[in-house]
Amino acid sequence: MSRHVIITGASRGIGSDIATAFVAAGDTVTALSRSGTAPTGVARSIAVDLADREATDAALSDAIDQSGPPAVLVANAGITRDNLALRMSDDDWDDVIETNLTSVFRATRRVLKPMIRERSGRIIFISSVSPFMGIPGQANYAASKAGLVGLARSLAREVASRNITVNVVAPGLISTDMTQDLSAELAAQIPLGRPGRGADVAAAVTFLASDSASYITGAVIPVDGGLAMGW
Ligand code: NAP
């Protein structure tokens with residue numbers, strides 16, 4: 001049965017691969033991004049800046065009106081503004097927290113009502129190994145991604161009785177636009193000996209959204225080639 005799946009940041013990188021995986025499974029995918037581009041097969045692509053509260057709410061309402069109550073939300077959109085904390089501007093802190101954490105809270109709150117009405121839902125946040133490893137220059141990013149874990153676990157307890165699961169996927173180094181400038185030093189620390197692919201992350205996300213994962217909630221699933229194991 002085709003489910004309505006909403007994915008943020010689906011225009012490129014990991015989000016695009018996640019969207020492609022859900023499309024291949026026959027789901028009806030709504031893709032949100034700033035540019036509004038999306039991979040082939042996506043039912044609806046909406047251009048929206050998730051840092052804009054009203055525009056995000058309108059985009060999600062539009063998606064729900066058009067394609068029905070969402071069965072799955074994948075909050076994937078994210079940005080980096082790396083700098084050492086001493087040199088980090090307020091804007092760089094605020095932009096990252098707003099896009100990576102606050103917008104996820106708002107999108108989740110918007111989809112929860114219809115999910116609760118349906119007594120069914122899967123919410124998946126894309127975090128990172130960064131808060132577990134402590135990567136210099138990523139104080140804002142690591143704080144935002146650690147925040148997603150706390151958000152997911154509070155929510156998981158709040159909505160478990162409604163048959164809604166909330167989980168986190170924590171990718172390591174995945175080859176996308178975001179990681180073009182990352183040092184080879186980090187790649188050299190990956191036990192499996194290679195950076196990941198968007199499809200590796202998509203496989204974990206589609207699993208968490210599947211019937212097979214119905215007893216998993218509040219979990220953090222690493223997809224990192226072993227990079228952050230033990231943290
Ligand atoms: P990416 O290639 O830079 O793509 C980012 C996506 O997010 C794009 O679709 C972009 O849309 C969208 N986006 C960013 N800011 C937005 C905003 N304000 N409003 C709407 N859409 C916005 O990033 P990626 O590497 O695929 O990363 C995807 C997620 O995985 C992020 O949350 C990232 O933190 C996380 N992650 C990535 C890695 C990695 O190694 N790549 C590792 C750990 C975690 P536009 O195309 O329209 O700009």
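Whatever order the structure lists them in is the order used to number ligands and atoms, beginning at 1. Everything numeric in this text was worked out from a predicted model, so none of it was measured.
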Side-chain donor-acceptor pairs under 3.5 Å in residues 7-17, sequence neighbours left out?
residue: T8; atom: OG1; partner: N76; partner atom: N; Å: 2.8
residue: T8; atom: OG1; partner: A77; partner atom: N; Å: 3.0
residue: R12; atom: NH1; partner: D177; partner atom: OD2; Å: 3.1

Please write down residue, atom name and distance for the protein heavy atom closest to [atom].
atom	answer
atom 17 (C) of ligand 1	R34 CG, 3.5 Å
atom 30 (O) of ligand 1	I126 CG2, 3.4 Å
atom 38 (C) of ligand 1	G172 O, 3.8 Å
atom 24 (P) of ligand 1	T176 OG1, 3.6 Å

Which atoms from ligand 1 have a heavy atom of [X] less than 4.0 Å away?
X	answer
S33	11 (O), 20 (C), 21 (N), 47 (O)
Y141	33 (C), 34 (O), 35 (C), 36 (N), 43 (C), 44 (C)
L173	40 (O)
N76	28 (C), 29 (C), 30 (O), 31 (C), 32 (O)

Per [atom], closest listed option by heavy atom ([options]):
atom	options	result
atom 44 (C) of ligand 1	G36, S127, S130	S127
atom 23 (O) of ligand 1	R12, M178, E98	M178
atom 5 (C) of ligand 1	A170, G78, A77	G78

Is it the side chain, the backbone, both or neither of [X] that has a heavy atom closer than 4.0 Å to ligand 1?
X	value
L50	both
I14	both
T8	neither

Exercise for review: Could you tell me whether some N/O pair between T179 and ligand 1 is separated by less than 3.5 angstrom?
Suggested key: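 Among all N and O atoms of T179, none is under 3.5 Å from an N or O of ligand 1.
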Check your understanding: Tell me the side chain to side chain donor-acceptor pair (under 3.5 Å) pairs involving residues 207-230, sequence neighbours left out?
Key ->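 Listed once each, the pairs would be none.
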